[in-house]
Each structure stands twice: as structure tokens, then as C-alpha cells.
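It should be emphasised that the depicted structure is a prediction, and the values quoted were computed from it without experimental measurement. Reckoned from all heavy atoms, side chains included, excluding hydrogens, waters and symmetry mates.
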Amino acid sequence: MTLSADEQAFLEEHPTVTIAMMVEHPPFTVIEGGEGAGFEHDLLQLVAEKTGLEFEKEFGVWSDSLQRFRRGQVDMISSISYREERTAFTLYTEPYYSIPVFVFVRDDFGEYAGIEDLSGRKVGVIRGIFYEADLRDADNINLVQFDTYQDMTRALVLGEIDALMQNLSNINQIVKRRAYTNIRIAGELRMPGLAEEDFRFGISPDKPELRSMVQKGLDDITPGEWETLMGRWLDVRENGDTPNARLTDEERAYLQREGPVDICIDPNWMPFERFDENGEHAGISADYFALFENTLSTDFIPVPADSWSESVAHLKAGKCDLFSLAMRTPEREEYLDFTESYIQTPLVIATKANVAFVTGLEDLRGRTIAIPALYAFAELLKDDYPELDLIEVTDIDTGLEMVRNGEVFGYIGTLATIGYKLQTQYAGELRISGGTGKSWDMGVAVRKDRPMLHGIMQKAVASVTTEQRRAIHNKWISIRYEDRVDYTLLWQVVAFFVLVLLAGLFFHLRQAGLKKQLEAAYRQAERLAVTDKLTGIYNRHRLDQALEEETRKAERYGDHFGVLILDIDHFKPINDQYGHRTGDLVLRAFVDVLRHNCRKSDILGRWGGEEFLIIAPHADKENLLALAENLRAAIEATTFREVERVTTSIGASIYQSNDNPDTLIKRADDALYEAKQGRNIVAFG
């Protein structure tokens with residue numbers, strides 16, 4: 001890259017420049033092994049290679065980093081967004097990444113239609129973030145400042161705040177790394193004059209040559225280099241080839257000599273692990289061990305067990321060589337060696353839904369609390385909090401049932417496992433009432449009489465790439481973007497009309513006109529309960545019901561059915577360029593095309609946003625794909641008013657034996673992700 005005379009002189013005088021970076025800003029910057037890593041670090045490396053600059057990184061929370069940059073204590077700052085008031089002390093590069101700001105809430109928040117729904121609520125923001133002033137001007141929002149994304153997200157999970165605002169990439173990374181399960185996106189933050197969050201490098205105004213050099217370096221990055229950078233840190237990709245664990249000859253000989261490795265797992269600990277209906281190892285740890293099998297070229301055989309206690313007994317009796325997932329404790333260190341952790345998750349307290357929030361373990365004095373027997377934190381809690389009335393139970397189901405039945409006040413477990421159970425079995429009855437202030441860092445635990453195997457497993461864990469970790473956690477734990485509709489009022493209206501109808505039939509049976517009016521009103525209320533207001537097709541609530549119905553039919557009669565998930569390509573630019581009114585018109589016209597090209601038996605509904613779901617009864621793979629291709633071609637051939645051409649990407653999947661709606665939709669959604677890589681195509685999963 002060619003430098004000007006002034007730039008060359010600057011480089012000779014300042015071969016190293018200082019840059020302030022956030023200490024924890026995943027996936028843009030994270031600390032791994034005491035060193036910085038992430039999107040921005042790789043980006044700076046490319047700029048350094050192209051310009052000859054060297055960057056000396058100084059880490060801190062955002063508010064401190066911004067102040068250091070403003071006072072001239074560092075030459076540059078990363079992740080700064082453009083604001084007019086910052087131009088007095090900042091020379092900006094062009095954005096290297098832009099992303100909308102979203103509002104994140106817990107599952108129990110209710111409906112969110114706009115910022116007015118945050119009135120009177122506690123809302124978390126990062127101290128010094130560029131839109132903080134805009135939020136302070138909003139009516140009756142109680143802003144709570146945080147220095148780190150981790151602390152802010154944890155506060156939302158535990159109910160200390162009602163919502164937080166941040167871009168998707170940051171929070172999604174934290175959700176996956178910490179195994180949070182009770183957070184969802186309520187919607188995009190929309191305020192007058194507030195644009196997307198645009199990440200740029202900021203340079204001190206007295207160093208214009210540095211600004212021009214950094215911008216030249218950014219401009220010189222090739223499309224292929226950008227694609228690699230984005231794919232590594234910002235996209236969820238399929239697992240690539242697993243890096244070689246670099247085993248020694250002695251270690252390879254050990255694996256060949258010993259044969260398959262017997263492992264013990266917790267049979268009821270989702271989303272971490274379990275034995276599924278077919279007796280197969282499933283969950284997060286299962287996906288990691290699938291990687292380990294490829295890395296080490298050996299097989300891992302789970303030893304059957306009905307409970308964690310039984311698995312512990314199996315290991316102590318020598319029936320298995322290791323625990324797939326376990327936490328280090330003093331007692332366990334007597335007979336186990338531990339690898340570095342590959343999963344971290346906080347410990348929380350579950351109670352009945354009507355219990356006030358618990359601020360910590362001190363609030364549990366005098367209460368009876370259930371904990372899983374032989375779990376690591378049970379051992380630690382007994383030592384650290386002898387005054388607690390702890391009852392050991394065999395598994396999470398037993399503990400939560402005791403809470404529901406009032407036999408104990410609460411149950412202590414990991415947020416991921418409790419959240420998973422609350423969503424699938426105890427919705428509305430139990431809730432997470434607080435945190436313990438403790439977390440659980442878990443790795444592979446190997447019997448002490450297998451030191452060679454411990455070294456091998458340590459290498460296997462260390463060989464897992466960031467992309468692979470992200471893909472596994474995205475599969476099992478991810479933020480859900482749900483167009484949530486609160487049907488409470490609607491059902492109240494329905495109930496009202498039913499009561500009025502009954503009263504009318506009883507007291508005014510002869511008044512046929514009134515009777516007909518009430519019946520019509522009741523039918524209208526029923527229709528509204530299952531209809532998407534904008535498009536007039538089924539809503540998410542009705543689609544969920546239809547999926548359950550079709551699944552039950554398939555299980556009972558052995559019939560097949562398929563699903564299609566359709567996503568309008570590049571829909572956000574339509575809203576941005578033409579406005580939301582035009583976007584709504586496109587959605588309606590899109591639905592009209594689908595209606596005219598679906599079969600009469602097909603069930604069409606709006607899945608959320610610009611995504612639509614079609615349930616195709618009695619369909620096999622061949623005619624499902626034919627339907628999908630027909631719909632894709634019909635959309636492509638349609639002229640849409642104002643925007644002219646619209647295309648759609650489609651993910652398809654067929655019901656398989658032992659499927660449930662979630663697994664079926666997951667395959668179709670994965671296929672849709674594949675289709676979106678090329679746009680305007682159909683993919684099958």
C-alpha cells in the first residue's frame with residue numbers, strides 16, 4: 001500500500017500507536033488466555049499488515065476508555081459510534097460494522113410495541129453509550145448504568161432490571177457463553193434521530209495522518225478477507241474441520257490400545273446433556289464429544305444410567321473413564337483430574353411464581369431448599385452455608401416438583417437447566433427468583449488412574465475453535481426474536497361475548513335478531529384470536545396449534561407432512577428506503593401470492609416479521625420441494641408495487657419418526673439459513 005510523504009514520516013516517528021479497547025465486548029473483543037481476541041483484533045492485524053503500524057492495546061470498560069481517549073491519553077479508540085458532539089475530539093474512520101440496537105427483555109415481560117412500553121421500567125445501558133442522552137430525554141424511563149455487558153445481561157436475567165438496550169451481536173455472544181435461557185428480543189429500538197450503532201475507529205484530532213493511514217488500511221482489505229473475518233466472528237457457520245489436537249505418539253498408541261472411551265453423563269440435564277428417547281447422548285456436551293471424536297479419531301461410549309447419582313457410582317466403580325461435564329470441587333479432586341472448562345453458567349434459585357425476588361443466599365435462611373444430590377455446588381453450599389436447610393434430590397424434575405407442591409421453598413440449579421424446564425414444563429407456575437452470586441465452570445473430569453487420558457482430553461478441549469463453540473451454543477441456547485402478542489385482553493373479550501350470548505339465550509331466546517348478532521360477534525372474536533392483523537392469515541399462536549395437531553396425526557397414523565419457512569430477501573432495506581407503509585404493502589402482496597399458489601389443504605401463517613410458515617399435510621419430500629419451488633418462482637415473477645421485484649428464500653423439512661414441532665422447525669430453520677446464504681433459493685433440511 002502506498003503511503004504519502006506525510007504518512008511515511010508519521011510512521012517513522014510513531015511506529016507504535018496506542019488504542020483503547022473494551023475489556024469485554026464480544027464478539028468484537030474478548031480476553032482469551034490473558035490476550036485480546038475477536039473481530040476488532042483480527043481487523044487491526046489486517047490494518048497493521050497493510051500499513052506497517054503496530055497497535056499497543058489498552059483495555060478498560062467503555063466509559064473509562066472513552067475518557068482516556070478524550071483526554072488524549074491514547075491515540076485511538078475502537079467501537080466508537082458517530083455523534084456530532086464527539087467530532088470535537090474525534091477523527092472518525094468510515095464504519096467497519098453497523099447493526100441495529102435492540103431492546104432485550106425477559107420472557108415474562110409481555111408485549112412490547114415501542115419505547116413507550118418502557119415507561120416506569122428499569123432499563124439497563126452501558127455507561128457512556130452514544131444513545132444514553134436520547135433515552136434520558138424519553139419520558140419516565142429509569143436508566144440503570146453498567147460498565148460491562150456481562151453485568152448488564154446478568155441483571156436482566158435475574159430481574160434486577162426490566163429491559164436492556166444493546167446490539168444483537170454483543171448480547172447473543174453473552175447468552176451463548178453463559179447459557180442464559182430466559183431472554184428474548186422485544187423489538188428494535190426506534191427513536192427520532194437514532195440510527196444504527198456504527199462501529200468505527202476514532203483517532204485523535206492532532207493525528208490526521210494516522211486517520212488517513214488507518215482508513216487506507218481498511219479500504220485495502222479485500223472482499224475475501226472481509227468474508228473470512230465476518231465468517232469467523234459474526235456469522236454462525238457449520239463446523240469446519242476440527243484442528244488436530246497434536247497428540248504425541250505415546251498418546252495415539254494409548255487410544256489405539258485402550259479402544260473406545262467409556263463416559264458417564266447426567267441422563268436428565270438439558271440443555272447440557274441427557275439420554276434421549278432412543279437412548280442416545282444428546283445436548284451441548286454430546287456435540288462437543290462429537291468434535292472430540294473427530295479430533296482424536298476415537299469413539300466415546302456413554303454408559304447407561306437413570307440418574308446422576310448412578311453415573312457417579314459407575315465412575316467410582318470403574319465402569320467409565322470420565323465425566324463428560326463436571327465442576328471441580330475439593331472432594332472430587334481426590335479421585336478426578338479436570339480439564340479447562342468449556343461451559344460456564346450461573347446458579348440461580350427457582351421458586352413459585354408468586355414469590356418476591358430473592359437477592360441472594362442470605363435470603364434463604366430458615367427456608368427449605370432442594371439441591372441435586374452429588375452435584376458440585378451441593379458440596380460447596382454445604383461447606384459455605386451450613387445454616388441453610390438443604391434437601392438433596394435425585395434430579396431436577398424431583399426438585400421442581402417439590403417446589404410446585406409446596407414441599408420446599410425453592411430449588412437451586414443452573415440457569416440453563418432451570419430455564420429449559422420452566423419453558424417446557426412449568427410455564428406460569430414457577431420462576432427464577434434470583435441468583436446465588438455463584439457460577440458453575442465445567443469441563444471434562446477424568447479418573448486419576450487415567451493420567452494419559454486426562455492429557456489427551458485437555459488437548460481436545462483446547463482444540464475447539466471459537467466458531468465451533470459458537471455453533472454448538474447457537475444450536476442449543478440462543479436469543480429468540482418473537483413477535484409476542486398478549487392475547488389476554490382478546491380472550492377476555494371472547495369470554496365476555498360467550499357470557500353475553502348465554503345470557504341472551506336464556507333471557508331473550510325469542511329475540512332471534514339479538515341472538516344472531518351475538519353469535520356473529522363471538523365468531524369474529526374467535527377469528528381475531530388466531531389471525532395476524534396485518535396480513536389476515538393465521539398468526540403464530542394458531543400455527544403452533546396446527547403443528548401440534550399435525551404431529552399427533554403423524555404419530556398416530558404414520559402419515560407424513562412437511563413445513564416450509566419462507567423469508568423475504570433483503571426486507572429491511574425495503575423498510576429503510578421506502579418506509580414501513582410500503583413494507584406492509586409488500587407483506588400483504590407477498591401473502592396474496594402465497595395464497596394463490598398453495599394447495600387448499602396447506603396451512604399458511606405469519607411466523608414472525610417477514611417470515612412465513614406453510615404446513616403441508618400429506619406431503620413427501622418430492623412434492624414439498626415442488627411446492628416450494630413453485631412458490632419461489634411465483635414470488636420472483638410477481639411485480640410488487642413501488643419496489644417492483646421481491647424474492648424469497650425457503651427452508652423445507654419433512655416430519656420424521658419421533659419428531660416434535662421444535663425439532664422439525666429447527667431443521668427447516670437450518671435449511672432456511674443455508675438458503676439465505678445464496679438468496680432466492682430452496683434448501684432442504
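More than 12 heavy atoms of other residues, nucleotides or ligands sit less than 6.0 Å from atom CG of Asp441. Other residues, nucleotides and ligands place no more than 12 heavy atoms under 6.0 Å from the NE2 atom of His560. By the 6.0 Å contact criterion, NZ on Lys448 is enclosed, its count of non-hydrogen atoms from other residues, nucleotides or ligands being greater than 12.
For the pairing with Thr339, the side-chain contact (heavy atoms from CB on, under 4.5 Å) check across Arg328, Lys459, Met457, Met442 returns one residue only, Met457. Put simply, the residue from Trp308, Phe338, Phe272 that forms a ring pair (Phe, Tyr, Trp, His ring centres under 6.0 Å) with Phe323 is Trp308.
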Review item, side-chain donor-acceptor pairs of residues 53-61, under 3.5 Å, at least two apart:
| unit_1 | atom_1 | unit_2 | atom_2 | d |
| --- | --- | --- | --- | --- |
| Lys57 | NZ | His41 | ND1 | 2.9 |
| Glu58 | OE1 | Arg68 | NH2 | 2.3 |

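Looking only at distances, no side-chain donor or acceptor of Tyr655 sits under 3.5 Å from a matching main-chain atom of Pro661. The backbone N or O of Val157 lies less than 3.5 Å from a partner atom in the side chain of Asn182, making a donor-acceptor pair. Looking only at distances, a side-chain donor or acceptor of Arg667 sits under 3.5 Å from a matching main-chain atom of Ile654. Between the Arg679 side chain and the Ser649 main chain, no donor and acceptor come within less than 3.5 Å of each other.
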**Request:** Check the pair Ile371, Glu392 against side chain to side chain contact (heavy atoms under 4.5 Å, CB included), reporting the backbone distance first and the verdict last.
**Result:** CA-CA 5 Å; Ile371 55 174; Glu392 292 189 338; 4.2 Å; yes
**Message:** Evaluate His25 against Phe199 for side chain to side chain contact (heavy atoms under 4.5 Å, CB included), listing each step before the verdict.
**Reply:** CA-CA 12 Å; His25 183 212; Phe199 292 147; 3.8 Å; yes
**Message:** Set out, in order, the CA-CA distance, both residues' side-chain angles and the distance that settles salt bridge (charged side-chain N to carboxylate O under 4.0 Å, His left out) for Lys319 and Asp262, then state yes or no.
**Reply:** CA-CA 7 Å; Lys319 295 180 180 179; Asp262 293 321; over 6 Å; no
**Request:** Could you give me the CA-CA distance, side-chain angles and deciding distance for Leu564 and Val682, then say whether side chain to side chain contact (heavy atoms under 4.5 Å, CB included) is met?
**Result:** CA-CA 9 Å; Leu564 302 176; Val682 175; 5.8 Å; no
**Message:** Is there a salt bridge (charged side-chain N to carboxylate O under 4.0 Å, His left out) between Asp662 and Lys666? Walk through the geometry before answering.
**Reply:** CA-CA 6 Å; Asp662 290 338; Lys666 177 65 169 60; over 6 Å; no
**Request:** For the pair Glu401 and Arg404, evaluate salt bridge (charged side-chain N to carboxylate O under 4.0 Å, His left out) and give the outcome as yes or no after the intermediate values.
**Result:** CA-CA 5 Å; Glu401 280 296 319; Arg404 179 160 65 178; 2.3 Å; yes
**Request:** Please report the C-alpha distance between Tyr149 and Leu164 in whole Å, then the side-chain angles of each, then the deciding distance to 0.1 Å, and finally whether the side chain to side chain contact (heavy atoms under 4.5 Å, CB included) criterion is met.
**Result:** CA-CA 10 Å; Tyr149 301 102; Leu164 66 84; over 6 Å; no
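Residues passing the side-chain hydrogen bond (donor to acceptor under 3.5 Å, both in side chains) test with Thr148, sequence neighbours excluded: Asp151. For Phe684, the ring-ring contact (aromatic ring centres under 6.0 Å, His included) test picks out no residue, with sequence neighbours left out. Judged as a side-chain hydrogen bond (donor to acceptor under 3.5 Å, both in side chains), and not counting sequence neighbours, the contacts of Asp620 are Asn623. In this structure, Asn658 has no side-chain hydrogen bond (donor to acceptor under 3.5 Å, both in side chains) partners at least two apart in sequence or on a different chain. Legend: residues meeting side chain to side chain contact (heavy atoms under 4.5 Å, CB included) with Phe275, ordered by chain and number and at least two apart, are Ile265, Pro267, Pro302.
Note that CH2 of Trp226 and CG of Leu218 are 6.0 Å apart. Values are rounded to the nearest 0.5 Å. Residue Met22 holds its CE atom at 11.5 Å from CG of Asp147, rounded to the nearest 0.5 Å.
For Ser307 and Glu310, the side-chain atoms include no donor-acceptor pair closer than 3.5 Å.
Taking the centre of each ring, Tyr97 and Phe28 come in below the 6.0 Å mark.
Residues Pro304 and His314 approach most closely at O-NE2, 3.3 Å, considering heavy atoms. Across all their heavy atoms, Leu613 and Ile565 have their closest contact at CD1-CG1, 3.7 Å. Shortest non-hydrogen contact noted between Ala286 and His281 is CB-O, 3.4 Å.
Classified by interplanar angle (parallel below 30°, tilted 30° to 60°, perpendicular above 60°), the ring pair Phe292/Phe289 is perpendicular.
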